[in-house]
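Below: the structure, in structure tokens.
Proteins get letters first, then strands, A, B, ... in listed order; numbering begins at 1 in each. Because the structure is predicted, anything quoted here is derived from the model rather than measured.
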2 protein chains.
Amino acid sequence: MAGLANLHTPDELHEAFRQFLRQRGIKYTGARKKILDAVLDLTDHFEAEQILYLLKDRGLNVGKATVYRTLPLLVDSGILKQVRFDVKQAHYEHAFGEGPHDHMVCRRCSRIVEFGSEEVVALCEKIARQHHFHVISHRFQLTGLCWECSTQCPVVALPPSGE
Amino acid sequence: MAGLANLHTPDELHEAFRQFLRQRGIKYTGARKKILDAVLDLTDHFEAEQILYLLKDRGLNVGKATVYRTLPLLVDSGILKQVRFDVKQAHYEHAFGEGPHDHMVCRRCSRIVEFGSEEVVALCEKIARQHHFHVISHRFQLTGLCWECSTQCPVVALPPSGE
DNA sequence: ATGCTTGCAAAACGTTTGCACAGGG
DNA sequence: CCCTGTGCAAACGTTTTGCAAGCAT
């Protein structure tokens, strides 16, 4: 489920995925291999369609539905993490290697800055304790202006929504 | 834009909305009045369709498009706040009265527990300072098991994403 | 050989847009 | 009265599902 922090190579991750599927009685098929390969070659935050494009570029014929059906498996296996920004489509990022982190999204240039979450995790635990809640995961996102954009013009001209 | 913390009654909020619209050169129409009335009668976290249902129940004929076109106005006016959980559709909550807060979502029973965000805001500022980021808003959400559900069975049986 | 898995197409879903008509300032 | 706002329906983009055929175990 988790604990892929020490696995880095494609081979190790394919093997981990295969074992995850097997212990669930799910097959490690060609399409799923191709999708995992594509996913490992993508960086940062990508969406389902980018996987499709990459597969098409490689001349691999994998259906859109198969990609959408495989993504939850990759998330459950601990290889991917679903990240939701304030848009309708889901984004994903690698969940192996690198510790957990959170995101700041620049409202003007859409740049995404990542930052470590030790303090965030500590706060999660403190709050959870106060409310008798058992935390499984957290999501912490800052929206604002990145350094460059706020230097250019610190006035927040864009309204929160619309227009 | 903001500063509706002291307004509570429907009349005050209608007046605030009317002024907000006027200073933008937008009309305070019958449909928008009905939508605001419906929105004020809803509690907690609701989605666009719930507003439509409520209006239909009241025998008011307001189009879906009008509701979707009015929601951003209500958000910009500071009456509503858009809240995004890990689902595709947007949710909204009252933004007047009550200070800012964040949410814990129970993975098993979907209950939403709110908690104050003073510490979260402080952490936002600290992190923003470290990364030279100008924060406009934050979003902090905990996913896990609420007190009742974790009492029943603390084992996290449900996978992060379905089946 | 069996039945999970696939690709395709079509449906579903929340949201947006185009349009002719209605209604507010 | 003019121009914005409205309701309807159709379009939209993402995700899901039904199905016959394919393929891993």
*asked:* Taking the nucleotide of DNA chain C with the nearest heavy atom to each, does K88(B) or N61(A) sit closer to the 5' end?
replied: N61(A)

*Examine distances only and state if a side-chain atom of H131(B) and a backbone atom of W147(A) form a donor-acceptor pair shorter than 3.5 Å.*
no

*asked:* Using every non-hydrogen atom in the two residues, find where L13(B) and L36(B) come nearest and quote the distance to one decimal.
replied: O-CD2, 4.0 Å

*Quickly work out the L73(A) CG to dT15(D) P distance and round it to whole Å.*
16 Å

_Rounded distance in Å - CG (L52(A)) to P (dG13(D))_ = 16 Å

*Quickly work out the Y92(A) OH to dT14(D) P distance and round it to whole Å.*
13 Å

*Would you say T9(B)'s side chain and E12(B)'s backbone share a donor-acceptor pair under 3.5 angstrom?*
yes

_Distance in angstrom units between D86(A) CG and dT15(C) C1', rounded_ = 15 Å

_Nearest whole Å is fine: how far is dC8(D) C1' from K56(B) NZ?_
11 Å

*asked:* Under a plain distance cut-off of 3.5 Å, with no hydrogens placed, do Q19(B) and E15(B) share a side-chain donor-acceptor pair?
replied: yes

_Can you see if the side chain of Y68(A) gets near the phosphate of dT15(D) - specifically, an N or O under 4.0 Å from OP1 or OP2?_
yes

*asked:* Holding to side-chain contact (heavy atoms from CB on, under 4.5 Å), I want the full list of residues that pass it with Q89(B), two or more places apart in sequence or in another chain.
replied: E47(B), V87(B), H91(B)

Show me the protein contacts with nucleotides 17-24 of chain C, counting only N or O atoms at under 3.5 Å.
residue: dG23(C); atom: N2; partner: K27(B); partner atom: NZ; Å: 3.4

_Intermediate values then yes/no, side-chain hydrogen bond (donor to acceptor under 3.5 Å, both in side chains), E93(B) and H45(B)_ = CA-CA 5 Å; E93(B) 66 179 16; H45(B) 312 91; 3.0 Å; yes

_Interface with DNA chain D, restricted to residues 31-50 of chain B and to heavy atoms under 4.0 Å_ = A31(B), R32(B)

*Would a distance-only check, ignoring hydrogens and angles, find a side-chain to backbone donor-acceptor pair under 3.5 Å from R108(B) to L145(B)?*
no

*Expected output: side-chain H134(B) to main-chain A128(B) donor-acceptor under 3.5 Å*: no

*For atom CG of L71(A) and atom P of dT15(D), their distance in whole Å*: 9 Å

